[in-house]
Amino acid sequence: MPPSQQQRRRQAVEEESGDDAQGQSLSPENADVDGDSQMGGVGPDSTKDLVKQLVRYALACEFSRTPIRRDGIREKVLGRHGREFKKVFNGAQLHLRARFGMEMVELPVKDRNLLTADQKRKAAKSQSQKEAASNAYVLVSVLPDAYRTSGIITPSKVHSADGEAAYIALYSIIIAIIQLSGGELSDPRLRRHLQRLNAAQNMPSMNPAGPHSPSEKTELVLQKMIKQQYLVKVTEKGQNEEEGSTWYIGPRGKVEVDSESIAQFVRAVYGGGTEDLEKRLQATLKVRKRDAVEPPVAEQDEGAANGEPGSSSRHRSGRGAAAQAQEEEEDEDDE
């Protein structure tokens, strides 16, 4: 006797339930290494691991002065969990602030003034007025100004602390000169400033204690600053078909050596802030007003002894803490 309509319906429901139960069992090919489904998102433990990986990746990039690029985060940290970018990025920011006193800050996009004449004409024809994001980050300090001193934040020992301090001082001075010159500086004028600093031909190397390379050629050091985005050099042909070069501040230079840092550097050079100096700094750098007071003698001697631009230089915290942070993370894993 053929089954009734009710029996057929019950049989179809049972078969459908069996298929669903079978589909819910994941094979190793359809599951992540940590046991999470490809389509089911990331569990709390996996998110925590991704946050740690991003923190380490950011510290490693800062240690080598390499921008923390969004594509690099997706490729080397997130992998198949690309949709978790915002959650993992915010978690890494909280960890960096709470544990290391740093945070990731996006680099500014390329300034229109740095474009060549042809690039400017093409940009003028473009209908899009929306400014694109750089999608690249660097680590900067979030510590209070009172803790941004050379006694607390020492130069990183990549090759040597003295070489690192000298390199920081050199690019900070050049950036300060360019900023105080209106944001751009011709190549002949830069060479004259370097001549006064006795750095026209050679500059201290990253390892000045090395017997075979206590110094480097100035051109090589400037090229390194360009590669690391502290400086930008634009070369164009003039009316007489002669090439002329102009120097600008690069994206990393704008973030690490900001106007407040330059102002403190100038105050240190002049031995304190006078009323006239503060007015000039406000007009040139647009910095916040500060009472004209003499800085403590200990602070002056400390900064001069280390050859550093000022107590609020952001980069010293990022570079010095990056090496120490990596060691702490490794010790934590060993435990």
Considering residues at least two apart in sequence or located in another chain, which fulfil the ring pair (Phe, Tyr, Trp, His ring centres under 6.0 Å) criterion with Phe85?
-> Phe89
Any residue meeting side chain to side chain contact (heavy atoms under 4.5 Å, CB included) with [X], in chain and number order, not counting sequence neighbours:
| X | result |
| --- | --- |
| Asp187 | Arg191, Lys233, Ser245, Trp247 |
| Lys217 | Asn202, Leu220 |
| Asp71 | none |
| Pro188 | Ser186, Arg192 |

Under a single-linkage definition using a 4.5 Å side-chain heavy-atom cutoff for Ile, Leu, Val, Met, Phe, Trp and Tyr, are Ile178 and Ile226 assigned to the same hydrophobic cluster?
-> yes
List the residues meeting side-chain hydrogen bond (donor to acceptor under 3.5 Å, both in side chains) with [X], not counting sequence neighbours, and say none if there are none.
| X | value |
| --- | --- |
| Asn198 | none |
| Glu103 | Arg97 |
| Gln228 | Tyr167 |
| Thr218 | none |

Among Lys224, Arg65, Lys254, side chain to side chain donor-acceptor pair (under 3.5 Å) partner for Tyr230 | Arg65
Close side-chain approach of [X] and [Y], heavy atoms under 4.5 Å:
| X | Y | answer |
| --- | --- | --- |
| Leu180 | Leu285 | yes |
| Gln53 | Lys76 | no |
| Met225 | Leu170 | yes |
| Ile174 | Leu222 | yes |

Rounding to 0.5 Å, atoms CD (Glu256) and CG (Leu107) come to a distance of 8.5 Å
Asp49 and Ser46: side chain donor to acceptor below 3.5 Å = no
Using 4.0 Å as the upper bound for N to carboxylate O, is an ion pair formed by Arg189 and Glu184?
-> no
